[in-house]
Amino acid sequence: MFSPLLNIILFTLGSFFNEEPKAEIVFAGDAMQHQAQIDAARRDGGVYDYSECFSAVEAYIDAADYAVVNLETPLGGKPYSGYPCFSAPDSYLDALADAGFDMMLTANNHTLDKRDKGLLRTIECLDDRGVDHIGTYRNRQERDSVLPLLRDINGFRVAFLNYTYGTNGIKLTTRAKVDYIDRTLMKSDISAARSAGAEIVAVCIHWGNEYELLPASSQRVLADFLVDEGVDMIIGSHPHVIQPMEMRHNVQGRNVLLVYSLGNFISNMKTRDTRGGAMVKVVLRRDADGRAIVDKADYRLVFTVPPVAGGNFRLVPVEKYHDATWKSQCRAFESSAENIFLHHNIDVLRDTTSFPEKKMSPIDRFFFKTFGRLQK
């Protein structure tokens, strides 16, 4: 983190040189934690080490002004477990946060895998780590105090909302709350966000059919509803495979980014289309009247490399993976995803710029954000 004084200096300098303020938000897909991932992370003494899992992508995540991932496992405590009822070690959360994620989404179909106790413990862990989170709450009063959740991201007031289609048939037994997909609730939340001053509203939604590369009709219909309600971003998860991305326009002519599914962020799934996923980067700017808009979006493809010789699972950008061990699987995933995006994406292209190798220093970040390049 920057020191307060350095933040003030950089902001002041940026106000002189940066004529067009912008903010960049990165969204990632399903952060799974299967039993094989837990086993691979285990070290002597009962320690679980995920430090190498995200090292190849953390510079990209960290470079964003804000980054969001779907935490698709409770932090339910021991005994840790994978599918079908997940419970990940707390160090998994630490690794995701250290990789640069600012927000964890918790409204998904596995959030009650360890019942209410697991849901509540997950919230406690997220609060202790100081990570933003939405989708589940200790009770209705907490939900009302948290939402609308607005964050100032480089001067843009952005509201985030999170909903799930269900929780695998498991019901709440306490006063805890899960935000399920409900049009009346969503309409009210969106209105409350605007009333609270949100310039941009992002709805992160757990929906659709697993393993289907094209969205279901129910997703399309609900997306239309959300666009009509005036949201600016719709970011989908759950199918465990990528689905198309569209830059749509609402009745006011404003851009609305629709991502049906980002697929898996990291997992132990083994079919061609579940071995990887996409990260989407959204750029916010201001129009000629000073109104915040979604200016553009692009994506990167990532691939989960299984462990070799006692190592851990690793997430890598597909263009950076050349090892012969899993190269054919990586290329098969990439080809399938690109085929879907080529034929179905609308105005959301692949980012083909050089993938960042390491996290930026505060000074490098200032030069990059202000001038579009690093200092010489």
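- Checked against side chain to side chain donor-acceptor pair (under 3.5 Å), Q329 has no partners two or more places apart in sequence or in another chain.
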Step-by-step salt bridge (charged side-chain N to carboxylate O under 4.0 Å, His left out) determination, D98 to R129 | CA-CA 10 Å; D98 291 345; R129 190 62 163 78; 2.4 Å; yes
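- In this structure, K281 and I25 have side chains that are not in contact, with every pair of non-hydrogen atoms separated by 4.5 Å or more.
- Distance check, rounded to the nearest 0.5 Å: OG of S81 to CD1 of I38 gives 6.0 Å.
- The number of heavy-atom neighbours closer than 6.0 Å to CZ of R42, taken from other residues, nucleotides and ligands shown, is 12 or below.
- In this pair, Y48 and Y80 present their aromatic rings perpendicular. The plane angle is above 60°, beyond the 30 to 60° band.
- Looking only at side-chain heavy atoms (C-beta outward), V158 and E199 stay at 4.5 Å or farther from each other.
- Checked against the 6.0 Å centroid criterion, the rings of Y50 and F313 do not qualify as a close aromatic pair.
- Side-chain atoms of S87 and K78 include no donor-acceptor pair closer than 3.5 Å.
- One hydrophobic cluster, built from ILVMFWY side chains closer than 4.5 Å, holds both V348 and V241.
- Within the 4.5 Å cutoff, the side chain of N108 has heavy atoms near those of the N70 side chain.
- Counting non-hydrogen atoms of other residues, nucleotides and ligands closer than 6.0 Å to CG of D44 gives a total of 12 or fewer.
- V68 and V131 fall into different hydrophobic clusters, where Ile, Leu, Val, Met, Phe, Trp and Tyr are joined by side-chain heavy atoms under 4.5 Å apart, directly or via other members.
- The ring pair (Phe, Tyr, Trp, His ring centres under 6.0 Å) analysis of residues 99-124, with sequence neighbours excluded, yields the pairs F86-H110, F101-F265.
- Without hydrogens or angle criteria, N162 side chain to L105 main chain gives no donor-acceptor distance under 3.5 Å.
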Between W207 and S218, does a side chain to side chain contact (heavy atoms under 4.5 Å, CB included) hold up when you go through it step by step?
-> CA-CA 9 Å; W207 61 356; S218 59; over 6 Å; no
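- When all heavy atoms of T304 and S267 are compared, the closest pair comes out as CG2-O, 3.2 Å.
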Should R43 and N312 be marked as a side chain to side chain contact (heavy atoms under 4.5 Å, CB included) after you check the CA-CA gap, both sets of side-chain angles, and the distance that decides it?
-> CA-CA 11 Å; R43 302 291 180 264; N312 212 328; 4.0 Å; yes
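- In the hydrophobic clustering of this structure, V57 does not group with M103; members are Ile, Leu, Val, Met, Phe, Trp, Tyr whose side-chain heavy atoms approach within less than 4.5 Å, directly or through other members.
- Within the 4.5 Å cutoff, side-chain heavy atoms of D179 are placed close to those of L147.
- Taking all atoms of both residues into account, the shortest heavy-atom contact from S237 to D30 is CB-OD1, 3.2 Å.
- Note that OG of S335 and CG of L301 are 11.0 Å apart. Values are rounded to the nearest 0.5 Å.
- Side chains of N109 and T167: no donor on one and acceptor on the other come within 3.5 Å.
- Under the 4.5 Å side-chain criterion, counting only non-hydrogen atoms from C-beta, P84 is not in contact with N168.
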Stepwise side chain to side chain contact (heavy atoms under 4.5 Å, CB included) check, W326 with V308 | CA-CA 10 Å; W326 299 101; V308 177; 4.2 Å; yes
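- Closest approach of N209 and A216 over heavy atoms only: ND2-CB, 3.5 Å.
- With respect to K177 and D116, no salt bridge is recorded, no charged nitrogen being found less than 4.0 Å from a carboxylate O.
- Looking at R121 and D90, a side-chain N of the basic residue comes within less than 4.0 Å of a carboxylate O on the acidic one, giving a salt bridge.
- In summary, D127 and R138 engage in a salt bridge, as defined by a charged side-chain N under 4.0 Å from a carboxylate O.
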Evaluate the salt bridge (charged side-chain N to carboxylate O under 4.0 Å, His left out) criterion for residues R331 and E338: first the C-alpha distance (whole Å), next the side-chain angles of each, then the deciding distance (0.1 Å), finally the verdict.
-> CA-CA 10 Å; R331 296 296 170 255; E338 282 296 283; over 6 Å; no
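- With respect to E334, the salt bridge (charged side-chain N to carboxylate O under 4.0 Å, His left out) criterion is satisfied by exactly one of R272, R275, R350: R350.
- There is a side-chain donor-acceptor pair under 3.5 Å between T325 and D323.
- Residues H240 and E72 are in side-chain contact: their nearest non-hydrogen atoms beyond the backbone lie under 4.5 Å apart.
- Residue pairs satisfying the ring pair (Phe, Tyr, Trp, His ring centres under 6.0 Å) criterion with at least one member in residues 330-351, sequence neighbours excluded, are listed as follows: Y299-F341.
- Side-chain contact check for I123 versus H133: some heavy-atom pair is nearer than 4.5 Å.
- Separation of atoms CG (D351) and CZ (R300) is listed at 3.5 Å; rounding is to 0.5 Å.
- Residues I134 and V26 fall into different hydrophobic clusters, defined by Ile, Leu, Val, Met, Phe, Trp and Tyr side chains chained together at heavy-atom separations under 4.5 Å.
- The pair K187-D228 fails the salt-bridge criterion, with no side-chain N (NZ, NE, NH1 or NH2) lying under 4.0 Å from an Asp/Glu carboxylate O.
- Between L75 atom CG and L120 atom CG the span is 12.5 Å, to the nearest 0.5 Å.
- In this structure, the side chains of V280 and D298 stay at 4.5 Å or more apart for every pair of heavy atoms.
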Go through the steps for M32 and N268 under the test side chain to side chain contact (heavy atoms under 4.5 Å, CB included), then give the verdict.
-> CA-CA 8 Å; M32 311 296 293; N268 184 43; over 6 Å; no
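- The backbone N or O of G253 sits less than 3.5 Å from a side-chain atom of N250, completing a donor-acceptor pair.
- Between A278 and M245, the closest heavy-atom pair is CB-CE, 3.9 Å.
- Using a 4.0 Å cut-off between charged nitrogen and carboxylate oxygen, E24 and K22 count as a salt-bridge pair.
- With respect to the salt-bridge test (charged N to carboxylate O, under 4.0 angstrom), the residues D144 and R140 qualify.
- A donor-acceptor contact closer than 3.5 angstrom links the side chains of T271 and T274.
- Aromatic rings from Y180 and Y163 are positioned such that their centres are separated by 6.0 Å or more.
- If you run salt bridge (charged side-chain N to carboxylate O under 4.0 Å, His left out) between D232 and each of R254, R157, R248, only R254 comes through.
- In this structure, R314 forms no cation-pi arrangement with F54, as its terminal cationic atom is not both closer than 6.0 Å to the ring centre and no more than 45° off the ring axis.
- Of the possible polar contacts, one joining the Y137 side chain to the G135 backbone as a donor-acceptor pair under 3.5 Å is found.
- Under a hydrophobic-cluster definition in which Ile, Leu, Val, Met, Phe, Trp and Tyr are linked whenever side-chain heavy atoms come within less than 4.5 Å, directly or via other members, I235 and I242 are assigned to the same cluster.
- A cation-pi arrangement, defined by a distance under 6.0 Å to the six-membered ring centre and an angle within 45 degrees of its axis, is absent between R151 and F160.
- Of the residues V231, V256, L226, D189, the one that meets the side chain to side chain contact (heavy atoms under 4.5 Å, CB included) test with V201 is V231.
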